[in-house]
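As C-alpha cells, the structure follows; a few thoughts come after it.
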Amino acid sequence: MPQIPFTWVPAGGGRHVSEDRRPSGRTQFPEGQVVSTLCGQALEAREGELAWLWWTCPTCDTRAREIVGAPPRPDMGEQA
C-alpha cells in the first residue's frame with residue numbers, strides 16, 4: 001500500500017492536514033510544533049484524545065481527498 005503523503009493533526013481548535021515531515025520515529029507531531037496546513041495556515045500541533053474530537057477543517061479534508069483520489073464527503077459536496 002502506498003504511503004499517504006500527509007498527516008492529520010489537531011491544531012488551532014480543529015483537525016487539519018499537514019504535508020510537513022514528522023520528527024523521526026513519531027506518528028504524530030509533538031505538542032506545540034508549528035505545522036503548515038493544507039488550508040494555508042501555520043498552527044501549533046496539539047496532543048491528547050479530546051483534540052481528535054475537534055471539528056474537521058473542510059478545506060484540509062477536501063484537499064486531502066484530492067491528493068489520494070477519494071471522492072468528496074457527501075455531507076460537504078462543494079462547500080469547502
Side-chain angles (χ1 to χ4, degrees):
M1 178 186 281
Q3 181 75 19
I4 294 176
F6 54 76
T7 302
W8 283 94
V9 55
R15 292 178 297 154
H16 294 269
V17 177
S18 178
E19 293 180 300
D20 293 354
R21 292 186 65 175
R22 294 181 313 267
S24 181
R26 292 193 59 118
T27 59
Q28 296 298 319
F29 294 100
E31 178 89 18
Q33 179 174 338
V34 175
V35 296
S36 300
T37 65
L38 294 184
C39 63
Q41 299 184 69
L43 301 170
E44 285 188 24
R46 296 291 176 228
E47 293 180 343
E49 292 179 15
L50 290 179
W52 287 106
L53 298 175
W54 292 345
W55 65 281
T56 298
C57 172
T59 302
C60 284
D61 184 74
T62 298
R63 301 259 335 266
R65 288 171 178 278
E66 290 170 354
I67 290 169
V68 298
R73 285 178 38 170
D75 61 329
M76 297 196 45
E78 298 297 320
Q79 295 175 12

I'd like to know whether CG of L53 has more than 12 heavy-atom contacts from other residues, nucleotides or ligands below 6.0 angstrom.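 Yes, because the 6.0 Å sphere around CG of L53 holds more than 12 heavy atoms from other groups.
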Which heavy atom in D20 sits nearest to a heavy atom in V35, and how many Å separate them?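 Heavy atoms only, the tightest pair is OD2-CA, 3.3 Å.
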task: Report yes if some heavy atom in the side chain of F6 is under 4.5 Å from a heavy atom in the side chain of T37; otherwise report no.
output: no
Review point. So do the side chains of W54 and R46 get within less than 4.5 Å of each other, counting heavy atoms only?
Key: yes
Counting distance only, does the side-chain N/O of W55 pair as donor-acceptor with the main-chain N or O of G13 below 3.5 Å?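 Yes, the answer is positive, given that a donor and an acceptor are paired below the 3.5 Å cut-off.
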| Cluster check W52, I4: I/L/V/M/F/W/Y, side chain < 4.5 angstrom | yes
*Is it possible for you to say whether I67 and W8 belong to one hydrophobic cluster, with membership spreading through side-chain heavy-atom contacts below 4.5 Å?*
yes
Identify, with sequence neighbours excluded, every residue that meets side chain to side chain contact (heavy atoms under 4.5 Å, CB included) alongside P23.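 Checked P23 against side chain to side chain contact (heavy atoms under 4.5 Å, CB included); matches are R26, F29, P30, Q33.
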Residues at least two apart in sequence or cross-chain that pass side chain to side chain contact (heavy atoms under 4.5 Å, CB included) with A70, listed by chain then number, are R65, V68
Straight-line distance of [X] [atom1] to [Y] [atom2], nearest 0.5 Å:
X	Y	atom1	atom2	value
T27	R22	OG1	CZ	6.5 Å
T7	H16	OG1	NE2	14.0 Å
L38	C60	CG	SG	5.0 Å

